[in-house]
Amino acid sequence: MSGYVEVSRAGDVAVVTLDNPPVNALSLHLREPLHQALEALRDDETASAIVITCAGRTFVSGADITEFGTPKQLQRPSLPDLCALLETISKPTVAAIHGTALGGGLELALACHYRVADKAAKVGLPEVKLGLLPGSGGTVRLPRLVGPEKAVAMIVSGAPIGAAQALKAGVVDDVAEGDLVAAAVAFAQAKVRTGGPHVPVRDRNDKIEAARADLASFDAAVKEATRKSRGLEAPLACAEAVRNAITLDFDAALKKERELFLKLVAGDQSRAQRHLFFAEREAAKVPGIGKDVAPRQVARVGVIGAGTMGGGIAMSFVNGGLPVTVLEMSEEALDRGFATIEKNYAISVARGSLSEEVKQERMARFSRTTDYADLADCDLIVEAVFEEMDVKKQVFGKLDKVAKPGAILASNTSYLDVDEIASSTGRPQDVLGLHFFSPANVMRLLEIVRGKKTAPDVLVTALGVARKIGKVPVVVGVCHGFVGNRMLGARSAESEDLLLEGATPQQVDKVFTDFGWPMGPFQMGDLAGLDIGWRNRKSLGKTAVIADALCEAGRFGQKTGKGFYLYEEGSRTPVPDAEVERLIEEKARERGTNRRNVSDEEITERTLYPMINEGARVLEEKIAARPSDIDIVWTNGYGFPIGKGGPMFWAELEGLRKIVERLEYWHGKTGKDVFKPAPLLKRLAEAGSGFTSKSAS
Ligand code: NAD
């Protein structure tokens with residue numbers, strides 16, 4: 001047949017094998033021959049049953065997302081056509097699932113009468129992560145198998161489940177221990193022997209009827225499932241589609257599902273989320289470094305410093321399966337660090353996300369020391385000591401003496417010059433920055449800072465290790481603050497000035513949360529601790545009028561119950577504070593600033609536009625290789641709303657011309673450098689193009 005679809009026989013059972021490497025995506029060139037094969041088999045009396053299976057490492061892992069938004073996706077036979085065809089077949093149809101059946105892959109399987117899964121298989125409908133809903137019957141068929149409440153939880157979270165759970169929930173009918181295809185064929189033959197009718201999933205209504213009798217309970221499940229959807233349309237649309245499966249008949253619900261899907265796929269949010277999906281994959285590629293560069297082996301990791309970051313970094317490696325030696329200045333510091341690590345794991349155990357047994361396994365992977373000689377067998381050593389160049393240089397000087405040849409030496413510095421740190425060793429080619437984000441065991445972003453002399457295989461190794469421990473790596477160049485903190489700096493001073501000119505912390509923060517950020521800059525400062533920035537500024541001889549004054553008054557944020565806001569004992573809810581208002585007024589008076597009404601629009605323009613401007617400078621200086629890398633940094637490290645695709649993607653939606661115009665306006669008014677349009681931004685705006693040069697502004 002086509003090469004993408006092969007039909008063979010196992011006795012009187014037809015076995016249809018899909019073969020579209022690497023993940024058997026449902027591209028048009030696969031759908032066409034599959035439709036033909038199924039039609040032929042439906043009418044072929046010599047075939048008593050049909051098993052659909054896949055070649056390679058997995059069942060169908062989804063639709064072909066490169067077809068999204070293109071005519072090919074809708075070209076027939078579409079996936080809904082295939083599913084409809086399957087349901088006209090009266091002989092038993094069985095999907096044999098190995099690897100992952102995700103998205104369109106699971107939808108195809110749901111249109112079969114039965115599903116047999118390999119014991120290591122996973123199934124799920126992750127479309128929501130691309131800003132979509134399962135648009136080929138997933139929202140209408142899955143509730144018929146597992147019940148609408150379970151279905152809405154699965155579809156809104158997008159999280160896949162394993163074979164055992166899928167069997168329990170009713171997504172699959174059997175789990176195979178040995179040869180999957182043989183098991184699926186045997187399953188099909190057993191069904192043939194028992195005789196029909198074989199009821200297609202579309203006609204299984206008992207769970208739907210039960211839910212119809214208790215819609216309130218379903219609506220409560222929706223509320224729980226969509227609680228964290230924060231301004232995203234897709235989770236709500238997913239829930240609406242599953243609700244339709246209860247309140248409408250199958251065909252009407254299916255039609256509605258398609259409408260909702262088409263609306264989402266054409267919308268900006270899904271475009272943004274799909275952009276991020278590809279951006280994450282793209283970020284793993286470093287221009288100029290080919291596939292031929294082999295990584296170094298990393299079997300043991302050292303971490304220097306067991307403070308806020310060191311502890312979290314050590315946990316990240318241990319969680320990824322690597323043994324870690326933690327070095328501190330004293331036994332007391334080690335005790336403190338390990339007490340925090342232990343406490344963090346204990347919280348996970350209490351929450352039920354980790355078993356006591358796994359906690360013990362992880363704790364056993366740590367070693368502790370105060371002696372640098374104990375780092376001699378480490379393949380990668382990450383330094384997370386105080387943010388002072390002299391201290392860092394001393395540490396790297398010592399490492400140079402004890403680390404084995406070829407060991408990778410990394411700094412977690414937030415701002416400092418990685419090349420200068422590297423120069424304190426005799427092996428700058430082995431040095432780079434690994435900038436984790438706080439809390440390091442949770443945050444996925446990892447800025448990999450490439451020094452002038454960092455060797456290609458060191459970068460390749462760092463990228464591999466990052467993925468192994470579940471991080472999202474982005475390679476960046478050396479400059480003050482790299483990509484993320486440098487762009488953050490461009491907005492920080494402005495947030496303070498807005499207060500002095502008349503805005504309130506709550507107004508600024510609301511503009512941020514309305515935009516989709518989890519919190520605004522002042523809530524963020526209170527959460528992180530205002531004293532951190534204060535100390536940092538003092539060491540650099542810098543000031544921030546209001547934050548400094550708050551710190552001088554002992555208001556460090558949540559940890560002291562007061563910062564830009566008040567916090568009730570044990571609460572994290574920020575309450576506006578008249579005292580802060582008075583302090584802002586006083587500081588404004590001292591500076592001779594007349595406070596006025598500041599509009600929300602002004603807040604957006606003066607905080608977000610300078611970030612984009614700085615992003616353009618970062619690109620021009622080649623600190624980031626691509627605009628999409630910046631988007632990955634901001635969505636994974638700083639809470640930029642994923643439905644807006646990151647600052648550079650959003651800038652294109654906003655319009656580069658408008659941004660430049662408004663930057664020029666604010667530059668004229670304030671004379672501040674942050675508003676001076678970057679040459680690249682100006683050029684692109686004048687040319688009417690975007691950062692990705694795909695869309696005009
Ligand atoms: P911290 O003060 O919580 O921890 C620093 C630890 O290093 C302390 O436990 C200290 O005892 C130890 N230490 C200091 N000098 C040492 C030495 N010579 N040998 C061994 N141990 C030593 O600081 P932190 O917040 O964890 O920051 C550490 C680094 O991570 C800094 O470079 C910081 O800029 C960077 N960073 C911090 C954050 C953050 O949000 N806190 C985020 C990213 C990066």
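Just so we're clear, the structure is a prediction, and the values are computed from it rather than from any experiment. Residue numbers start at 1 and run along the sequence shown. Note that these values count all heavy atoms, side chains included, but never hydrogens, waters or copies made by symmetry.
Using modelled atom types and a 3.5 Å distance limit, the side chains of T46 and R9 yield a donor-acceptor pair.
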Test side chain to side chain contact (heavy atoms under 4.5 Å, CB included) applied to L132 and S270, step by step: CA-CA 6 Å; L132 298 170; S270 174; 3.3 Å; yes
Side chain to side chain contact (heavy atoms under 4.5 Å, CB included) between V286 and L463, worked out: CA-CA 9 Å; V286 188; L463 284 161; 3.4 Å; yes
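Look at K263 and E259 and you find no salt bridge, because none of the NZ, NE, NH1 or NH2 atoms lies under 4.0 Å from a carboxylate O. For E280 and R444, the salt-bridge test passes: some basic side-chain N is under 4.0 Å from an acidic carboxylate O. For the pair E149 and K207, the salt-bridge criterion is not met [side-chain N within less than 4.0 Å of a carboxylate O]. For the pair R227 and E224, the salt-bridge criterion is met [side-chain N within less than 4.0 Å of a carboxylate O]. Of the charged side-chain nitrogens involved, none lies within less than 4.0 Å of a carboxylate oxygen, so that D379 and R300 do not count as a salt-bridged pair. For R202 and D251, the salt-bridge test passes: some basic side-chain N is under 4.0 Å from an acidic carboxylate O. By the 4.0 Å N-to-carboxylate-O rule, R141 lies too far from E107 to be salt-bridged with it. D268 and K644 are not joined by a salt bridge, as no carboxylate oxygen comes within less than 4.0 angstrom of a charged side-chain nitrogen.
Between Y345 and V318 the shortest side-chain heavy-atom distance falls below 4.5 Å. Taking 4.5 Å as the limit, some side-chain heavy atom of K256 sits within range of a side-chain heavy atom of L248. Under the 4.5 Å side-chain criterion, counting only non-hydrogen atoms from C-beta, V5 is not in contact with D19. Side-chain contact check for L215 versus T247: some heavy-atom pair is nearer than 4.5 Å. Counting heavy atoms from C-beta on, the side chains of S316 and K471 come closer than 4.5 Å. Residues L276 and D631 have side chains in contact (heavy-atom distance under 4.5 Å, counting atoms from C-beta outward). Between L102 and P160, some side-chain heavy-atom pair lies under the 4.5 Å cut-off. D118 has its side chain out of reach of I97: every pair of non-hydrogen atoms, C-beta onward, lies at least 4.5 Å apart.
For K122 (side chain) and G99 (main-chain N/O), no donor-acceptor pair under 3.5 Å exists by modelled atom type. A donor-acceptor contact shorter than 3.5 Å links the side chain of T93 to the backbone of H113. A distance-only check finds a donor-acceptor pair linking the side chain of Q273 to the backbone of K129 [under 3.5 Å]. No side-chain donor-acceptor contact under 3.5 Å links S27 to the backbone of H29. E127 places no side-chain N or O within 3.5 Å of a backbone atom of G135 that could act as its donor or acceptor partner. Judged purely by atom type and a 3.5 angstrom limit, R115 uses its side chain to pair as donor or acceptor with the backbone of A109. A side-chain donor-acceptor contact under 3.5 Å links T88 to the backbone of L85. A distance-only check finds a donor-acceptor pair linking the side chain of K91 to the backbone of L41 [under 3.5 Å]. Without hydrogens or angle criteria, Q189 side chain to V13 main chain gives no donor-acceptor distance under 3.5 Å.
Between H98 and F59, the gap from one ring centroid to the other reaches at least 6.0 Å. Between F437 and Y638, the distance from one ring center to the other falls under 6.0 angstrom.
Just one of D203, D206, N205 meets the side-chain hydrogen bond (donor to acceptor under 3.5 Å, both in side chains) condition when paired with R144; it is N205.
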